[in-house]
2 protein chains.
Amino acid sequence: MVRDSIRILQAQGHKATRPRKLVLEVLGEIENPLSPYDIQGILHTRGKYLNHVTIYRILDLLCSLNLAHKMLSSGGFVKCSLDATEGCHRFMVCQHCGAIREFADKELCQEENDFAQNFGFHTEHHLSEFSGLCSRCYKK
Amino acid sequence: MVRDSIRILQAQGHKATRPRKLVLEVLGEIENPLSPYDIQGILHTRGKYLNHVTIYRILDLLCSLNLAHKMLSSGGFVKCSLDATEGCHRFMVCQHCGAIREFADKELCQEENDFAQNFGFHTEHHLSEFSGLCSRCYKK
DNA sequence: GGCTAAATGCAACATTATTACAATTAGCTC
DNA sequence: GAGCTAATTGTAATAATGTTGCATTTAGCC
């Protein structure tokens, strides 16, 4: 919910401004990754105007607080749907409808770490997106 | 080797042009991800000029033939160092020296597919990068 | 209501990416 | 090796995306 994000913002000493609420509103509604200009466009159709610089800055903030993620493959932004404490976050991206599903799995994470360790590599973060078909689109 | 890539290009009916050789040469030498303009700059210091449009097009082609990869984390391009038949490709990216190590592992791939399957997701591709410290930099 | 730091808007600019079309060239044939 | 042609590259113009410094506005406090 948008309300939760606002609360977290404020708890960290950030203000609950109109532009921030608007951006969170859009990210909360739309499941597909959105670019800053996408967000601007969507708000525009609703008669609300935000400067693109503002949107860039808000998205930076949201990402730094783990309230949003920047998708690596597309560069678009999505609202974070997991608790920050759940471990390394990954994504399933449906090639058909574009919907994102976020998940976390500690076991898989550990296996990957072990795998890398065999090569002498010391892993700090996992960047991982699976692309394919979500259950809905697969049935069709 | 660059020579191998050229052979693959030609086998697929593409011409072995001077610009393509130059781009492959740079990607073959430098281990870190390079943007199109990086490549242009490097060539420039060597007294060779390529138009950026050409470089964009060449990189598209190389990626479509799996002779290069676009890195998720940086958006930069690296030369592919594995055989295309080896399965899904992943990367270890050293945060310190920036070096990329590419690898493939069918078991890990299968586990990830199974994991996604539990959510009803049908995986087609894995995009995966580990960031951390390579063996060299970890020792320091 | 008034104050102040934080946040936004604005303008200008920098960087990165794309398009349409003209010029060039690799690889073929003779 | 000269000539041909489709493929490729270069050019120029433009679009899209991202950044910076500074003036203006506003949320949250008293």
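Order of the sequence lines fixes the chain letters, A, B, ..., with proteins taken first and strands second; residue numbering starts at 1 for each chain. Heavy-atom basis, side chains included; hydrogens, waters and symmetry copies ignored.
- Atoms NZ (B:Lys21) and P (D:dT9) sit 11 Å apart, rounded to a whole Å.
- Atom OH of A:Tyr56 is separated from atom P of C:dT16 by 13 Å (rounded to the nearest Å).
- Distance CD1 (A:Ile39) to C1' (D:dA16): 16 Å, rounded to an integer number of Å.
- A salt bridge links B:Arg7 and B:Asp4; the closest N-O separation between the charged side-chain nitrogens and carboxylate oxygens is under 4.0 Å.
- Judged by distance alone, with hydrogens and angles left aside, the side-chain atoms of A:Arg20 form a donor-acceptor pair with the main-chain N or O of A:Lys15 at under 3.5 Å.
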Between the protein and nucleotides 25-27 of chain D, which nitrogen or oxygen pairs are less than 3.5 angstrom apart?
from   : atom 1 : to      : atom 2 : distance (Å)
D:dA27 : N3     : A:Lys15 : NZ     : 3.1

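- Applying a 4.0 Å cut-off to non-hydrogen atoms, none of the residues of residues 67-78 of chain A approaches DNA chain C.
- Here the side chains of B:Phe121 and A:Arg101 are not in contact, with every heavy-atom distance at 4.5 Å or above.
- Ring orientation note: the planes of B:Phe103 and A:Phe119 are tilted relative to one another, at an angle of 30° to 60°.
- Using a 3.5 Å distance cut-off with no hydrogens or angles, the side chains of A:Gln110 and A:Asp114 do pair a donor with an acceptor.
- Distances from the side chain of B:Arg20 to the nucleotides D:dT8, C:dA17, C:dT8 place D:dT8 closest.
- Between the CD atom of A:Gln40 and the P atom of D:dA16 there is a distance of 13 Å, rounded to whole Å.
- B:Asp38 places its CG atom 15 Å from the C1' atom of C:dA17, with the value rounded to the nearest Å.
- B:His14 has its NE2 atom 15 Å from the C1' atom of C:dG27, to the nearest Å.
- Here the P atom of nucleotide D:dT8 and the CG atom of B:Leu59 are 15 Å apart, to the nearest Å.
- Of all the heavy atoms in B:Ala116 and A:Met92, the pair that sits closest is CA-CE, 3.7 Å.
- Note: CG (A:Asp60) to C1' (D:dT20) measures 14 Å, nearest angstrom.
- The main-chain N or O of B:Ser73 is found under 3.5 Å from a side-chain atom of B:Glu129 such that the two form a donor-acceptor pair.
- In this structure, B:Ser64 OG and B:Leu62 CG are separated by 7.5 Å, a value rounded to the nearest 0.5 Å.
- Using a 4.5 Å heavy-atom cutoff, the side chains of A:Glu29 and A:Ile42 are not in contact.
- Comparing A:Ile58 and B:Pro36 by the nucleotide of DNA chain C whose heavy atom lies nearest to each, the residue mapping closer to the 5' end is A:Ile58.
- With no hydrogens or angles considered, no side-chain donor-acceptor pair links B:Gln40 and B:His52 at under 3.5 Å.
- Residues A:Glu31 and A:Cys97 are not in side-chain contact: their nearest non-hydrogen atoms beyond the backbone lie 4.5 Å or more apart.
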Show me the protein contacts with nucleotides 11-15 of chain D, counting only N or O atoms at under 3.5 Å.
none

